[in-house]
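As the structure is a computational prediction, the values presented were derived from the model and not from experiment. Note that the numbering runs from 1 along the sequence shown for the chain.
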Amino acid sequence: MKDHDYLALDGYSMHVFLTVLEQGSLASAADKLGITKTVIGNCLTKLRSVFHDPLFVRTGGQEIVATARAESLGERMRLVLADMQQLTAEQVFKPKQTALHFTVGTNDFQRDLILPELYRQVASETKEFSLRTLISEYPSLELLRTGKADLLLSPLRRRGQTFFINASSLINRVVSLMVMRVKPRAPWQISAMRVTLA
């Protein structure tokens, strides 16, 4: 293990360290954590090699005293562990507490047909919502690749057919797309698919 190698730090060893710091003895820390003093000793040995400090010194019997270095590390480790806990916490999407800002590449037909209702629905479900449009007859996928647009609404021509993609909502970061196929001399045929936004 390298000296001063911060990558050698792990959450479990820091948790053990903080428990020892709070309890003031290895035996009490072992009882609280439900582990052996040997496991605690291994964790402290790892931390001592990283920080080049004994961290705790015995004063007699089972009692130990934290070094000045250990005391200064305590609060910082608590913050690090709190951040690590946030990393693993489930992220629940709450529209009423969320501000959404979307840029849509579209032509003026889809803009006028689809976006007013889209805006109304999403704005009613979110804390804040803004919708910006980039107008083009056939919006390019390059707008998505470069991050200039979050969503494209564009007619696609294929063998005499025309397809219109109609985004009806962005609730819970899921877009429900209504794909409306227009065939020559045939009525509208509507099907739905779901696309999750990253």
Colleague: Is the side chain of Ser140 donor-acceptor paired with the backbone N or O of Leu143 at a distance under 3.5 Å, no angle test?
Modeller: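 Checked: no pair found.
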Colleague: Does any part of the side chain of Val57, heavy atoms only, come nearer than 4.5 Å to the side chain of Ile64, both counted from C-beta?
Modeller: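 When only atoms from C-beta onward are counted, Val57 and Ile64 do not touch, as no gap falls below 4.5 Å.
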Colleague: Could you walk me through whether Gln23 and Lys32 pass side chain to side chain contact (heavy atoms under 4.5 Å, CB included), step by step?
Modeller: CA-CA 9 Å; Gln23 296 297 310; Lys32 183 172 183 178; 3.5 Å; yes
Colleague: Could you give the distance from CD (Glu128) to CG (Leu100), rounded to the nearest 0.5 Å?
Modeller: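 The CG atom of Leu100 is 9.0 Å from CD of Glu128, to the nearest 0.5 Å.
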Colleague: Are side-chain heavy atoms of Arg132 and His101 found at a separation under 4.5 Å?
Modeller: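 Side chain of Arg132 against side chain of His101, heavy atoms only: no contact under 4.5 Å found.
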Colleague: Between the side chains of Asp10 and Ser13, does any donor sit under 3.5 Å from an acceptor?
Modeller: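 Yes, Ser13 and Asp10 have a side-chain donor paired with an acceptor closer than 3.5 Å.
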Colleague: If you define the side chain from C-beta out and look only at heavy atoms, does anything of Leu141 sit under 4.5 Å from Arg145?
Modeller: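 The answer is yes; the side chains approach within 4.5 Å.
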Colleague: For a 4.5 angstrom cut-off between non-hydrogen side-chain atoms, does Leu152 reach Val104?
Modeller: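 The answer is no; the side chains never approach within 4.5 Å.
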Colleague: Testing the basics here: between Ala66 and Glu71, what is the closest heavy-atom pair and its distance to 0.1 Å?
Modeller: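 Heavy-atom minimum between the residues: CB-OE2, 3.7 Å.
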Colleague: Report the distance from atom OG1 of Thr19 to atom CG of Asp31, rounding to the nearest 0.5 Å.
Modeller: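 These two atoms lie 12.0 Å from each other.
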Colleague: Are Leu44 and Leu26 packed together at the side-chain level, in the sense that at least one heavy-atom pair is separated by less than 4.5 angstrom?
Modeller: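 Side-chain contact under 4.5 Å: yes.
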Colleague: Nearest 0.5 Å please: distance from the CG atom of Leu87 over to the CE atom of Met84.
Modeller: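 One finds 7.5 Å between CG of Leu87 and CE of Met84.
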Colleague: Might you confirm whether atom CD of Glu142 has over 12 heavy atoms from other residues, nucleotides or ligands at distances under 6.0 Å?
Modeller: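 Check passes, neighbour count above 12.
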Colleague: Hydrophobic clusters here meaning ILVMFWY residues chained together by side-chain heavy-atom distances under 4.5 Å, can you tell me if Val65 and Ile40 are in one?
Modeller: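 Different clusters.
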Colleague: What verdict does the side chain to side chain contact (heavy atoms under 4.5 Å, CB included) test give for Lys148 and Thr103, after you've listed the backbone C-alpha separation in whole Å, the side-chain angles of each residue and the deciding distance to 0.1 Å?
Modeller: CA-CA 7 Å; Lys148 293 180 180 179; Thr103 299; over 6 Å; no
Colleague: Aromatic ring centroids of Phe56 and Phe17 under 6.0 Å?
Modeller: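 When the ring centroids of Phe56 and Phe17 are compared, they turn out to be within the sub-6.0 Å range.
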Colleague: To check you understand the geometry: which heavy-atom pair defines the closest contact between Leu134 and Ala149, and what is its length?
Modeller: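 That would be CD1-CB, 4.5 Å.
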Colleague: To the nearest 0.5 Å, how far apart are OH in Tyr119 and OG in Ser124?
Modeller: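 Going from OH on Tyr119 over to OG on Ser124, the span is 10.5 Å.
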Colleague: Please test His15 against Met77 for side chain to side chain contact (heavy atoms under 4.5 Å, CB included), starting from the C-alpha separation and ending with a verdict.
Modeller: CA-CA 8 Å; His15 176 60; Met77 283 191 183; over 6 Å; no
Colleague: Taking the side chain as every heavy atom from C-beta outward, state whether Lys96 and Lys127 have any pair of such atoms under 4.5 Å apart.
Modeller: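 Side chain of Lys96 against side chain of Lys127, heavy atoms only: no contact under 4.5 Å found.
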Colleague: State plainly whether one hydrophobic cluster holds both Ile135 and Leu144, where clusters connect Ile, Leu, Val, Met, Phe, Trp and Tyr through side-chain heavy atoms under 4.5 angstrom apart.
Modeller: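 No, separate clusters.
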Colleague: Would you say the side chain of Leu73 lies within less than 4.5 Å of the side chain of Leu55, judging by non-hydrogen atoms?
Modeller: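 Contact flag for Leu55/Leu73 side chains = yes.
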Colleague: Any idea which heavy atoms bring Thr126 and Thr98 closest together, and the distance?
Modeller: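 Heavy atoms only, the tightest pair is CB-O, 3.8 Å.
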Colleague: If only side-chain N and O atoms count, and only distance matters, is there a donor-acceptor pair under 3.5 Å linking Gln121 with Glu117?
Modeller: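 The criterion, which ignores hydrogens and geometry beyond distance, is satisfied for Gln121 and Glu117.
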Colleague: About how many Å separate OG1 of Thr67 and CZ of Phe51, when rounded to the nearest 0.5 Å?
Modeller: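 If we round to the nearest 0.5 Å, Phe51:CZ and Thr67:OG1 are 10.5 Å apart.
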Colleague: Is the closest side-chain heavy-atom distance between Phe102 and Thr133 below 4.5 Å?
Modeller: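 A side-chain contact is absent here, since even the closest heavy-atom pair is not under 4.5 Å.
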Colleague: Of all the heavy-atom pairs spanning Arg48 and Asp53, show the shortest one and how long it is.
Modeller: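 Heavy atoms only, the tightest pair is CG-O, 3.2 Å.
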Colleague: Calculate, to the nearest 0.5 Å, the distance between atoms CE and NZ belonging to Met14 and Lys46 respectively.
Modeller: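 The distance works out to 10.0 Å.
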Colleague: Distance-only, no hydrogens or angles: does the Ser28 side chain make a donor-acceptor pair with backbone N or O of Ser25 under 3.5 Å?
Modeller: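 Pair absent, no side-chain N/O of Ser28 close to backbone of Ser25.
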